[in-house]
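Letters A, B, ... mirror the listed sequences (proteins, then strands); counts begin at 1.
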Number of protein chains: 2
Amino acid sequence: MKSIHLKEISFSIIANIAKGIGHPHRLELLELVSQGSKSVEALAKEARMSFANTSQHLQRLKQLKLVTTKRQFTTVYYSIADASIPLLIKMLHQTAFNLSADFKHTLLAYQKEAKVKTITMDELASKDYLMIDVRPTEEYQFGHRAEAINIPHTKLSSSMNKLDKQKLIVAYCRGELCSYADKVVEVLTKVGYNAVRLKDIIMTKSA
Amino acid sequence: MKSIHLKEISFSIIANIAKGIGHPHRLELLELVSQGSKSVEALAKEARMSFANTSQHLQRLKQLKLVTTKRQFTTVYYSIADASIPLLIKMLHQTAFNLSADFKHTLLAYQKEAKVKTITMDELASKDYLMIDVRPTEEYQFGHRAEAINIPHTKLSSSMNKLDKQKLIVAYCRGELCSYADKVVEVLTKVGYNAVRLKDIIMTKSA
DNA sequence: TAAATATTCAAGTATTCAATTGAATACTAT
DNA sequence: ATAGTATTCAATTGAATACTTGAATATTTA
């Protein structure tokens, strides 16, 4: 095989993967399934896309082998196909942030407007804190930071009494575009907790 | 600003970056300018694309701020716009390799057929070797591994007498799809050198 | 001002992509 | 066999993309 042939085949395949994530809907769907197996219905609802459209995009992701499926009776569960995909997407976020003044500005403006303090893992190093994962419990079970407890944002009201007001509460969710943590921090701050949002999220599979 | 709005804007911007690299020609052009500033003519020639097409794709990359330009008289030099881009592309290669049996098989089959031994940095740890960068000198000057000397593949014949036959010669070029290192290793092996190709390439800017 | 060199732009054509609508399929329970 | 639930497929329409051809532009030199 000539090397020019290898190059052409390879670039074609690699570019096709990039093209596959080159649509906002598919990117969002991939980020959602990175957090755990989900049904088409759940994905459509979470991403606020029409059912047929969601299914179409999922077929495209499946064709590219970015996702895998598992049917349980009538329900098909979609999962991330490879551990490198979330890393790829994270890198994509980083590059977009570096390149796009619009994106950077929009993100920073939103954070300022939301009046939610953020903190990095480095900044946390010398502090005493409680870390809470505000995603749905299935996503927590799929993988979470070892030190985090799960308080789904939908159950904040009934769970917040468990929290120590003397401690710094650090909330995280799916990624920088997920607003659950913002909402939780806002509510907790209002009732007197010292709450912040974790800035950089590095998800690990639970042991 | 509503969080749903932020999400939509953000995914749109991020996905657009992915779409920008979602074409084999643009991906190749980006990999080439990652190795140093290049003119349109040089890029068209290296990538074997028509001039007009090359320019069109470069305009697209420029529009997405993936590349920057600098005009010197009549010649426009294209450069990589951000250090995260080569890392993103490398991650993309990795994901494609993991997902695509075709890609993996094609790459491994080519390497087997080329009869070129490869070696990793880890495997080199305990060995005595000479590392050679076989890219054009401008690319070497732009950035290279600190321990490498530059022997452009086009100047192998006149330079190989400088090499010690007692030492292991480790060649590298632009990335896994660049065949210059394969050719150099083939030639050196034929005339009695102990030559291999470096498997994983991690480029650093020269200090 | 004109020529040379390098590059970009514009338009046409063909192809691919995305969303919607509606039909078809897969599976279980009755 | 039929109904219910969930999902996928197919076709259409309109938008977006890619390549080619040829014109236009940018810059320097003479």
Side-chain angles (χ1 to χ4, degrees), chain A residues 7-9 11-30 32-33 37-79 81 138, chain B residues 7-9 11-30 32-33 37-79 81 138:
Chain A
K7 194 187 72 165
E8 280 169 11
I9 291 177
F11 275 124
S12 195
I13 293 172
I14 300 167
N16 216 32
I17 302 289
K19 203 194 312 189
I21 61 178
H23 189 288
H25 286 1
R26 290 197 291 280
L27 193 54
E28 182 170 7
L29 292 172
L30 267 186
L32 286 169
V33 299
S37 297
K38 294 180 185 297
S39 69
V40 183
E41 189 183 359
L43 289 165
K45 193 175 288 182
E46 190 75 47
R48 303 193 195 196
M49 301 175 199
S50 78
F51 196 88
N53 206 19
T54 301
S55 184
Q56 291 277 48
H57 284 298
L58 286 170
Q59 292 323 302
R60 181 78 179 274
L61 292 174
K62 188 176 172 183
Q63 183 210 2
L64 290 166
K65 299 193 193 326
L66 285 157
V67 297
T68 56
T69 58
K70 188 174 174 185
R71 181 184 277 265
Q72 214 166 355
F73 306 121
T74 57
T75 305
V76 177
Y77 290 94
Y78 282 81
S79 307
E138 319 85 75
Chain B
K7 195 187 71 168
E8 279 169 11
I9 291 178
F11 275 122
S12 196
I13 293 173
I14 300 167
N16 217 33
I17 303 291
K19 201 191 320 187
I21 61 180
H23 188 289
H25 286 0
R26 287 198 294 279
L27 193 54
E28 181 170 8
L29 292 171
L30 268 185
L32 286 169
V33 300
S37 296
K38 292 179 188 301
S39 70
V40 184
E41 189 182 0
L43 288 165
K45 193 174 288 181
E46 191 76 45
R48 304 192 193 194
M49 300 174 198
S50 78
F51 196 88
N53 206 17
T54 300
S55 183
Q56 293 277 47
H57 283 298
L58 286 170
Q59 291 323 303
R60 179 79 177 275
L61 292 174
K62 187 178 175 186
Q63 184 210 1
L64 291 165
K65 299 192 192 329
L66 285 156
V67 296
T68 56
T69 58
K70 189 174 173 185
R71 182 184 278 265
Q72 214 164 355
F73 306 122
T74 56
T75 304
V76 178
Y77 290 93
Y78 283 82
S79 307
E138 317 86 73

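A salt bridge links A:Lys7 to B:Glu28: one of the charged nitrogens lies within less than 4.0 Å of a carboxylate oxygen.
Between A:Thr75 and B:His57, the residue whose closest nucleotide on DNA chain D is further toward the 5' end is A:Thr75. Comparing A:Phe73 and A:Ser50 along DNA chain C, the residue whose closest nucleotide (by nearest heavy atom) sits nearer the 5' end is A:Ser50. The residue among B:Leu58 and A:Ala52 whose nearest nucleotide of DNA chain C lies closer to the 5′ end is B:Leu58.
Closest heavy-atom contact between B:Thr75 and B:Ser39: CG2-CB, 3.6 Å. When all heavy atoms of B:Pro24 and A:Ala15 are compared, the closest pair comes out as N-CB, 3.3 Å. Across all their heavy atoms, B:Val67 and B:Val33 have their closest contact at CG1-CG2, 4.0 Å. The two residues A:Ser37 and A:Ser79 have their closest heavy-atom pair at OG-OG, 2.6 Å.
Between C:dA19 and A:His23, a contact under 4.0 Å exists linking OP1 or OP2 to a side-chain N or O. Contact annotation: B:Tyr78 side-chain N/O to C:dT8 OP1/OP2 distance is under 4.0 Å. A sub-4.0 Å separation between OP1 or OP2 of C:dT7 and a side-chain N or O of B:Ser55 is absent. For B:Lys19, a side-chain nitrogen or oxygen approaches OP1 or OP2 of D:dT17 to under 4.0 Å. Residue A:Arg60 places at least one side-chain N or O closer than 4.0 Å to OP1 or OP2 of C:dA18.
Per the geometry, CZ belonging to B:Arg71 stands 9 Å off P belonging to D:dT28, to the nearest Å. Whole-Å rounding puts the A:Gln59 CD to C:dA24 C1' distance at 14 Å. Between the NZ atom of A:Lys62 and the C1' atom of D:dT7 there is a distance of 10 Å, rounded to whole Å. B:Gln72 has its CD atom 19 Å from the P atom of D:dA26, to the nearest Å. In this structure, CZ of A:Arg26 is placed 9 Å from P of C:dC17, rounded to the nearest angstrom. For B:Asn53 and C:dA11, the CG to P distance is 18 Å, given to the nearest whole Å. As a whole-Å value, the separation of B:Gln63 CD from D:dA16 P is 13 Å. Remark: C1' of D:dT17 and CG of B:Asn16 are 12 Å apart, rounded to the nearest angstrom.
You won't find any donor-acceptor pair under 3.5 Å spanning the side chain of B:Gln56 and the base of C:dT7, going by distance alone.
For B:Val76, the listed nucleotide lying nearest its side chain is C:dT8; candidates were D:dT7, C:dT8, C:dA19. The B:Thr74 side chain lies nearest to C:dA6 when the options are C:dT7, C:dA6, C:dA26. Out of D:dT8, C:dT8, D:dC19, the shortest distance to the side chain of B:Val40 is found at C:dT8. The listed nucleotides are C:dT8, D:dT20, C:dA6; the one nearest the side chain of B:Glu41 is C:dA6.
The aromatic rings of A:His23 and A:His57 lie tilted to each other, with the angle between the two planes from 30° to 60°.
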